[in-house]
Amino acid sequence: MKIVTWNINGVKARIEVLTAWLQESNPDIVCLQEIKSVDEQFPRAEIEALGYHVETHGQKGFNGVAILSKKSPDEVIRGLPGEDSDEQSRFIEAVFSTETGAIRVVSLYLPNGNPIDTEKFPYKLRWMERMERWAEDRLALEEPLILAGDYNVIAQPKDAKHPEAWLNDALFQPESRQALRRLENLGFTDATRSVTDEAGTYTFWDYQAGAWQKNNGIRIDYLMLSPEAANRLASASIEKHVRAWEKPSDHVPVAIALT
DNA sequence: ATGGTGGTAACACCA
């Protein structure tokens, strides 16, 4: 089973890239972030025409997440608990039946948090604490659980071409990195790192200043696996070539295969 | 020093 996370950076502007990629990559489950669309305007017909079921949690203008799947989910839950006043659409979870039992898949778009001297940074840290509590609860289910998405955190210096350039950025603050480490310490495996722990493995290249051409990237898109999911990890890959397509997202698809 | 989106026709917001 192939599961992919991809920050699409606007699904309506990217529908041609998305449908071309679906046909090439042939994933079973796709976690999208930054769809930047309300549910009613999501281009579902084009995706359903390729045989995919569509579940969205959209928002006007910004944010928004979705899960595409060849098989319909048994259950879908929208939103991350823990802060009633939070109206940003950044979290959707779906449960799927498989031949070997249920798997739970989350598509998440963690807050960017910049600039760090504004309310945006504490919002990011609160969101990460909420996610940690949520993950603790779900781990108790002892089921294969995949937390896939744009984490907006550079975990280690080797996850950036120029780590020194990110020292004042919310993505590389000690508090952000520690919160991600706490999540991993609950028992999650970073699928990509468990397969290739090399410097220069990036998932995002800015549109500006020729970042892609210079490979000036960062790795901020992760699939975090519960022990039950990690036990079934067969492979992980970054579909980097998609960044060179016409009208690309600034992120690329990150994939895993489970047995 | 680019790109998507929104609410309008140049500019603000977000990444």
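Every chain is numbered from 1 and lettered A, B, ... according to where its sequence line falls, protein lines coming before strand lines. Quick caveat: nothing in here was measured; it's all calculated off a predicted structure.
Judged by distance alone, the side chain of R104(A) and the main-chain N or O of E93(A) form no donor-acceptor pair under 3.5 Å. Remark: the backbone N or O of K161(A) is paired with a side-chain donor or acceptor of Y202(A) at under 3.5 angstrom.
Between E239(A) and K2(A) a salt bridge is recorded (basic side-chain N to carboxylate O distance below 4.0 Å).
Through direct or indirect side-chain contacts shorter than 4.5 Å among Ile, Leu, Val, Met, Phe, Trp and Tyr, L141(A) is connected to no other residue.
Only the P atoms considered, dC14(B) is 23 Å distant from dA10(B), to the nearest whole Å. For the C1' atom pair drawn from dG7(B) and dA1(B), the interatomic distance equals 24 Å after rounding to whole Å.
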* **Watson-Crick or G-U pairs under 3.5 Å in DNA chain B, rendered as dot-bracket with [ ] for crossing pairs and | for another strand** => .(((((....)))))
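A donor and an acceptor atom, one from each side chain of S97(A) and D74(A), are located under 3.5 Å apart. Using a 3.5 Å distance cut-off with no hydrogens or angles, the side chains of N114(A) and D169(A) do pair a donor with an acceptor.
For W212(A) and Y207(A), the ring centers are positioned 6.0 Å apart or more.
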* Could you please spell out the steps behind the side-chain hydrogen bond (donor to acceptor under 3.5 Å, both in side chains) verdict for N216(A) and D206(A)? => CA-CA 8 Å; N216(A) 179 13; D206(A) 201 283; over 6 Å; no
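Rounded to a whole Å, the CZ atom of R243(A) is 13 Å from the P atom of dT2(B). Rounded to whole Å, atom C1' of dT2(B) lies 12 Å from atom CD of Q213(A).
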* Structure fact -> Reading nucleotides 5-15 of chain B from 5' to 3' and marking B where a protein heavy atom lies under 4.0 Å of the base, S where only the sugar-phosphate is that close, and - otherwise, the string is SSS-----BSS
